[in-house]
A.B. asks: 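Would you mind keeping the following structure in view while I ask a few things?
Within every chain, numbering begins at 1; the chains are lettered A, B, ... in the order of the sequence lines, protein sequences first and strands thereafter.
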Amino acid sequence: MPLTLQPYRPALVKFQSLIALFVLCLGISLLSDKFLTGANFWNVMRQISVNVCISTGMTLVVLTAGIDLSVGSVLALSGAITAGLLRNGIQLPDANLYIGFTVLGAMLAGITTGSALGWFNGWAITRFRLPPFVATLAMLTIARGLTMLWTEGFPITGLGESFTYLGTGWFLGIPVPVWLSVIIVAVAVLVTNKTRLGRYIYAIGGSESAARLSGVNVERIKIIVYTIAGALAAVGGLLVTSRLDSAQPNAGTSYELDSIAAVVIGGTSLSGGRGSILGTVQGAVIIGVLNNGLVLLNVSPFWQQVVKGFVILLAVIIDKSNSKSE
Amino acid sequence: MLVADHVTKRFAGVTALDAVCLSFEAGQVTAVIGENGAGKSTLMKILSGVYAEYEGQIRYKGQPVRFASIRDAQACGISIIHQELNLIPYLTITENIFLGRELTTRWGTLDQKAMRQRTRQLLDELKLPLDPDTIVADLKVGQQQVVEIAKALLEESEVIIMDEPTSAITESEVAVLFRIINELRQQGKAIVYISHKLDELFVIADRYVVLRDGRSIESGAMQAINHDSLIHKMVGREVQLIRRSSSLSAAPNGRQPLFSADSICLTHPFRSEELQLKSLSFTVRHGEVVGIFGLMGAGRTELLETLFGLHPQRTQGTIWLGGQQVPIRNPATAIQAGMALVPEDRKRDGLVLGMDVQENISLTALEHIERGGLLNNAKETTLARKYMADLRIKTPSEKQLTRNLSGGNQQKVVLSKWLATNPRLLMLDEPTRGIDINAKNEIYKLIELLAADGVGVIVVSSEIPELLTIADRILVMSEGRLTAELPIADATEDAILKAALST
């Protein structure tokens, strides 16, 4: 068998994610007649777009040989800030002050929050030479705690139609979140392939010392990358909050895992320097379809996790054996 | 006791040891001396079982032996104490000494008591008054060395090889070490002592063995030889050097000062009271090639890194380039000012191996290939192809990963990426290490061309003939100091080595 496949090997390797995705879709559609319907298709796409946003930022981080475990919590806090400001504004009864927020203002505040938390991650990692794993693990807890404080543990609901349009609306026959994630991915592809920032990101991940010796301001680039990751997690937070018309204090829990899984399945090396945004998008789609398929097939949630775990393992093993045979 | 008989070792066509014959006797300290690359470490690796593949014979106590591994050699009674100590920092002295050979009780659990007792006994023998439960990381380097010796004694080693044992310890610790070596000698152990510090060899060694270019040149009693003739034996060869014609006078602004470093100091990364560079000052003129020689640990690499702004927090002193002071802040600032550094370890620091030739060459010059904020692929390829042609880089295309290139071509890619910045001062750290002779000559020629263009060049090298070939002037470093400045006319191998060995 391997003999006959040999001539096609390069093509197989190149399109392995797409092939896996195709096989997956084929399998699910044979087993369930609900899978290949328009309603389900857009539903899946809508769900995936959140992970695509987060994972785009995560890819940049992983390309520098870092990791960001805080994206789920940052997503929750950013969503909650936006929801809270939209609903209640800022009230200071003592000063007899009330500041109301437009939808756009509240969203900007949410994204600013995410960026600030991301910047803090990058600052802590570069200033104190902390391992990214540790610094962002701390932020995971900090941001979750801040979310609880801000929401006092209760969902913030009733955010108005102009806000929920972001997560539930349609534009030109395509859901708004899908538009948004397509734009984000397009910009990220451009940045990684066509700008100095992108080139420096790959160089740092490939060899930090060589990048530094070449005059790259490694610290600054890393801070930028973590800030972007925070901002994109915040965008994900806006999408989730808007779709549910509610900011949940425990929103985004364990989203970092799905995001890392998408990055890894997409072929980005956790040791940095190798990978791509489009690979991550494929990874995110595979996970999204898998999630959806397992639900449609009435697989118990417990088994779903087991299956997902094995898919991640399989993807990394295949990727490793490919890079070895290069 | 331990005899090497016509031992030859080849690495992929390079002969590291050529029919080496020598012997080490019980109850004697034998000094093994030679320049960098003379074959000392290869020989020691064979004797201690690191390399099992070689030609010739090793005899131990009259019996032919061939060690398959370090363990194997240790079991026979030969231990090596490396320059970088092999201890686990966060285990105790006892745990380190017994690592891999723990004593157990009848129940299969560790016999802490017996191990601690034996350790105390060993430490007493070595007169090191320490608690066996002390964490090794808390010990001074000299004390850690004694722990390594204790480990060798536990094995009841009869041959103990010490590789540069005094390179990292203080004078008082050296005294302790010498006392221990004397005791081991009285106990009838054979000590093999490798060191660059000739003065201490006259204190501690009974015999010497000189290695040069992989051959054993001479051995004899330490008393029968003096400092200068020892150096002469290490250098030995009468090399015909092809001197390049100096481009100093031909270059634009030739002989005018281009770069000067004033009182450069670098503090040690962990011990802030210690200096790795001790107030170095020197100048480089337009079109001048300045060679810097020093033995291992002299601080050559640290000097270049410091000038390039890699250790700004630990640096003192000022540098001037073309009449302007250049702040020592980071590589970006240095590059901006017109400096370039080709680092010693090209695979780690010179290249991003996972990137292709084109991306590596353009990495230092991305701002020049931008168009409207985006990188322009055509411009980038043009840039890469220019240097691929100029430097004759052998690669199927500019899209080849640098990982797949030969050492010489990798080095040319590193040079290209620095030439792309149009440097005024080019610093090269061991530019021809591990490179074949053709690529070497091409790199020499390139240095000559750049100098003729008025670029100042600093070349660090541990090969004296290389420096004699390309440099206009040679600076010699020893233990973080400049110990000599020799115009090329006065530079001989003897003089250079003598300065490198002086303290």
A.B. asks: Mark yes when over 12 heavy atoms from residues, nucleotides or ligands other than A:F120 sit less than 6.0 Å from its CZ; otherwise mark no.
C.D. replies: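 No, not enclosed.
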
A.B. asks: Sort B:N404 into side chain, backbone, both or neither according to what part of it lies under 4.5 angstrom from a heavy atom of chain A.
C.D. replies: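 Neither part.
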
A.B. asks: Considering only heavy atoms, which portion of A:I204 lies under 4.5 Å from any heavy atom of chain B: side chain, backbone, both, or neither?
C.D. replies: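 Neither part.
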
A.B. asks: By a 4.5 Å heavy-atom criterion (distance strictly below it), what part of B:K347 contacts chain A: side chain, backbone, both, or neither?
C.D. replies: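 Neither part, no heavy atoms under 4.5 Å.
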
A.B. asks: Who wins among A:G206, A:G198, A:G215 for the most heavy-atom pairs under 4.5 Å with chain B?
C.D. replies: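 So the answer, after comparing A:G206, A:G198, A:G215, is A:G215.
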
A.B. asks: Which bit of B:E367 is near chain A, if near means a heavy-atom gap under 4.5 Å: side chain, backbone, both or neither?
C.D. replies: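 Backbone plus side chain of B:E367, per the 4.5 Å heavy-atom cut-off to chain A.
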
A.B. asks: Chain A: which of B:D345, B:N376, B:L351, B:N360 shares the most heavy-atom pairs with it under 4.5 Å?
C.D. replies: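 Ranked by contacts with chain A, first place is B:L351.
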
A.B. asks: Would you call B:R300 and B:E305 a salt bridge, taking side-chain N to carboxylate O under 4.0 Å as the test?
C.D. replies: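 The answer is no: the pair does not qualify as a salt bridge.
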
A.B. asks: Would you indicate whether the side-chain heavy atoms of A:W123 and A:Y226 approach each other to under 4.5 Å?
C.D. replies: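 They are not in contact (no side-chain heavy atoms under 4.5 Å apart), so the answer is no.
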
A.B. asks: Report the C-alpha separation of A:E219 and A:R129 in whole Å, then their side-chain angles, then the decisive distance to 0.1 Å, and conclude whether the salt bridge (Lys or Arg N to Asp or Glu O under 4.0 Å) test is met.
C.D. replies: CA-CA 10 Å; A:E219 284 69 32; A:R129 295 175 190 273; 5.0 Å; no

A.B. asks: Looking at A:A211, A:A203, A:G205, A:G273, which one has more heavy-atom pairs under 4.5 Å with chain B than the rest?
C.D. replies: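 Greatest number of close heavy-atom pairs with chain B: A:A203.
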
A.B. asks: Can you say whether B:S362 sits under 4.5 Å from chain A via the side chain, the backbone, both, or neither, judging by heavy atoms?
C.D. replies: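 For B:S362, the contact with chain A is made by the side chain alone.
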
A.B. asks: Could you check whether any side-chain N or O of B:T402 sits under 3.5 Å from a backbone N or O of B:V352, counting only pairs where one atom can act as donor and the other as acceptor?
C.D. replies: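 Side chain of B:T402 to backbone of B:V352, a donor-acceptor pair under 3.5 Å: yes, one is there.
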
A.B. asks: Heavy-atom pairs under 4.5 Å with chain A - which of B:T421, B:L310, B:L341 has more of them than the others?
C.D. replies: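 Top count of heavy-atom pairs under 4.5 Å with chain A: B:L310.
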
A.B. asks: A:V191, A:N193, A:T195: which one forms the most heavy-atom pairs within less than 4.5 Å of chain B?
C.D. replies: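 Result: the option with the highest number of such pairs is A:T195.
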
A.B. asks: For the pair B:E370 and B:K379, find out whether any cationic side-chain nitrogen is under 4.0 Å from an anionic carboxylate oxygen.
C.D. replies: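 Here B:E370 does not pair with B:K379 in a salt bridge, since their nearest N and O are not under 4.0 Å apart.
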
A.B. asks: What about B:F282 and B:W320, are their ring centers closer than 6.0 Å?
C.D. replies: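 Judged by ring-centre distance (under 6.0 Å), B:F282 and B:W320 do not meet the cut-off.
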
